[in-house]
Amino acid sequence: GADILRLWAASVDYKNDIKIGNNIIGQLSEIFKKTRNTARFLLGNLFDFEPDKDYVEYENLEAIDKFALTRLAKLIQNVDSAFIGYEFYKYFQYLQNFASGDLSSFYLDIVKDRLYTKGKKSLSRRACQTVLYEILHVLVGILVPVMPHQAEDIWQNMNENHKKVESALLTSWPKIKPQWLNNELDEEFSQLLKTREIVARAIEP
């Protein structure tokens, strides 16, 4: 589809020889599917979230939620920098690392317990949904320039009370909330992630 070709155009470093082939398109299709599946998970777990009354303020979030928002803020920063420098291939790399590393294999994997077993209206579940809500909106905004069809597809499947405009293409570029940037927490969780990786490797044998 058009989105895959647009993603290919964004993924190549135009300062070097540009290549295209079935293998390259196949790899990009996997990124497309990863962002799509991530969005499906977010949408599925926000079905009963009403931002006007369920949104949890930053100070009431758990540490892992704040870490997820820190990584989200860094994603926005990095993509901003890549676009300003016309280094579009970095957009592809940042999006892949965020969707696969920070979300799928860490944050979303851990918070499933809270989403599925905590009380429906509990602070813990609503806090997690608040983060998912923020991630979803940033994800859509970042997808728009390169994968507009996927962004619009996600937008049309969002709850009406989650949208302020009628199309993803009319949304503003994502902005960072100052409190999201917490370098101390990022460093702490980065150390935990390194430890987790070492332990996971040791468990295998």
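Keep in mind it's a predicted model, so treat the numbers as computed, not measured.
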K.L.:
Do any N or O atoms from the side chain of N97 and from the backbone of Q93 form a donor-acceptor pair under 3.5 angstrom?
P.N.:
yes

K.L.:
Between E204 and R201, does at least one N-O distance fall below 4.0 Å, as a salt bridge requires?
P.N.:
no

K.L.:
Please determine which of L103, L115, L136 meets the side chain to side chain contact (heavy atoms under 4.5 Å, CB included) test together with F41.
P.N.:
L115

K.L.:
Count I, L, V, M, F, W, Y as connected when their side-chain heavy atoms are under 4.5 Å apart, and connections chain through other members. Are L132 and F47 then in the same cluster?
P.N.:
no

K.L.:
Would you say W8's side chain and K19's backbone share a donor-acceptor pair under 3.5 angstrom?
P.N.:
yes

K.L.:
Does N159 use its side chain to pair, donor to acceptor, with the backbone of N161 at less than 3.5 Å?
P.N.:
no

K.L.:
Flag the pair F106 / R196 as yes when at least one side-chain heavy-atom distance between them is below 4.5 Å, and no otherwise.
P.N.:
yes

K.L.:
Measuring from Y86:OH to Y14:OH, what's the distance to the nearest 0.5 Å?
P.N.:
8.5 Å

K.L.:
Side-chain contact, heavy-atom cut-off 4.5 Å: L95 with L143?
P.N.:
yes

K.L.:
If you count the non-hydrogen atoms of other residues, nucleotides and ligands that lie under 6.0 Å from CG in D109, is the total more than 12?
P.N.:
yes

K.L.:
Kindly say whether P145 contributes a backbone atom to a donor-acceptor pair with the side chain of R6 at under 3.5 angstrom?
P.N.:
yes

K.L.:
Test your reading of the model: is there a side-chain donor-acceptor pair from Y91 to the backbone of I142, 3.5 Å cut-off?
P.N.:
yes

K.L.:
So that I can tick it off, tell me whether K194 and E197 are bridged by a salt bridge, with the cut-off set at under 4.0 angstrom between side-chain N and carboxylate O.
P.N.:
no

K.L.:
Determine whether S190 and R71 make a side-chain contact, defined as any pair of heavy atoms from C-beta on separated by less than 4.5 Å.
P.N.:
yes

K.L.:
With no hydrogens and no angle check, is any side-chain donor or acceptor of T38 less than 3.5 Å from a backbone partner on K34?
P.N.:
yes

K.L.:
Return yes if some donor-acceptor pair links the side-chain N/O of T35 with the main-chain N/O of F32 below 3.5 Å, else return no.
P.N.:
yes

K.L.:
Can you find a pair of side-chain heavy atoms, one from L192 and one from F67, that are under 4.5 Å apart?
P.N.:
no

K.L.:
Which heavy atom of R114 sits nearest to which heavy atom of A127, and what is that distance?
P.N.:
NH2-CB, 4.0 Å

K.L.:
Apply side chain to side chain contact (heavy atoms under 4.5 Å, CB included) to residues M158 and H137 and explain how you reach the verdict.
P.N.:
CA-CA 10 Å; M158 285 167 60; H137 278 77; 3.5 Å; yes

K.L.:
For V56 and N60, which heavy atoms make the closest approach, and how far apart are they?
P.N.:
CG1-CB, 3.6 Å

K.L.:
Tell me whether R126 contacts the main-chain N or O of D54 through its side chain, where contact means a donor paired with an acceptor under 3.5 Å.
P.N.:
no

K.L.:
Do Y116 and L43 belong to the same hydrophobic cluster, where Ile, Leu, Val, Met, Phe, Trp and Tyr are linked whenever their side-chain heavy atoms lie under 4.5 Å apart, directly or via other members?
P.N.:
yes

K.L.:
Would you indicate whether the side-chain heavy atoms of I76 and K175 approach each other to under 4.5 Å?
P.N.:
no

K.L.:
To the closest 0.5 Å, what do you measure between CH2 (W155) and CD (E166)?
P.N.:
10.5 Å

K.L.:
Go through the steps to decide whether R36 and Q150 satisfy the test side chain to side chain contact (heavy atoms under 4.5 Å, CB included), and finish with yes or no.
P.N.:
CA-CA 7 Å; R36 184 180 176 86; Q150 186 180 105; 3.8 Å; yes

K.L.:
To the closest 0.5 Å, what do you measure between OH (Y94) and OH (Y89)?
P.N.:
8.5 Å

K.L.:
Return the minimal non-hydrogen interatomic distance between Y55 and P51, and the atom names on each side.
P.N.:
CB-O, 3.1 Å

K.L.:
Decide yes or no for L28 and F92: does some side-chain heavy atom of the first lie under 4.5 Å from some side-chain heavy atom of the second?
P.N.:
yes

K.L.:
Would you find more than 12 non-hydrogen atoms of other residues, nucleotides or ligands less than 6.0 Å from K164 atom NZ?
P.N.:
no

K.L.:
Would one find more than 12 heavy atoms of other residues, nucleotides or ligands at under 6.0 Å from atom CD of E59?
P.N.:
yes

K.L.:
Minimum heavy-atom separation for A151 and A168, please, with both atom names.
P.N.:
O-CB, 3.7 Å

K.L.:
With rounding to the nearest 0.5 angstrom, report the CD1 to CG distance, I154 to L139.
P.N.:
5.5 Å

K.L.:
Can you classify the ring geometry of Y133 versus H162 as parallel (below 30°), tilted (30 to 60°) or perpendicular (above 60°)?
P.N.:
perpendicular

K.L.:
Between the side chains of Y107 and D65, does any donor sit under 3.5 Å from an acceptor?
P.N.:
yes

K.L.:
Evaluate the side-chain proximity of V140 to K163: yes if any heavy-atom separation is below 4.5 Å, no if none is.
P.N.:
no

K.L.:
For Q129 and D48, does a side-chain donor sit closer than 3.5 Å to a side-chain acceptor?
P.N.:
yes

K.L.:
Are F98 and V138 packed together at the side-chain level, in the sense that at least one heavy-atom pair is separated by less than 4.5 angstrom?
P.N.:
no

K.L.:
Taking all non-hydrogen atoms of both residues, which atom of G141 and which atom of W173 are closest, and how far apart?
P.N.:
O-CZ3, 3.3 Å

K.L.:
Test of understanding: clusters of I, L, V, M, F, W, Y form through side-chain heavy atoms closer than 4.5 Å, transitively. Do L7 and I18 belong to the same one?
P.N.:
yes

K.L.:
What do the steps show when you test K90 against N78 for side chain to side chain contact (heavy atoms under 4.5 Å, CB included), and what is the final call?
P.N.:
CA-CA 8 Å; K90 289 185 177 179; N78 289 335; over 6 Å; no

K.L.:
What's the separation between atom OG in S11 and atom CD1 in I24, rounded to the nearest 0.5 Å?
P.N.:
7.5 Å

K.L.:
Out of curiosity, T130 OG1 to E57 CD, how far, rounded to the nearest 0.5 Å?
P.N.:
8.5 Å

K.L.:
Look at the side chain of R125 and the backbone N and O of K120, then say whether any donor-acceptor pair between them is shorter than 3.5 Å.
P.N.:
yes

K.L.:
Considering only NZ, NE, NH1 and NH2 on the basic side and carboxylate oxygens on the acidic side, decide whether K74 and D102 come within less than 4.0 Å.
P.N.:
no

K.L.:
Please report the C-alpha distance between I176 and D80 in whole Å, then the side-chain angles of each, then the deciding distance to 0.1 Å, and finally whether the side chain to side chain contact (heavy atoms under 4.5 Å, CB included) criterion is met.
P.N.:
CA-CA 11 Å; I176 298 169; D80 276 347; 5.5 Å; no

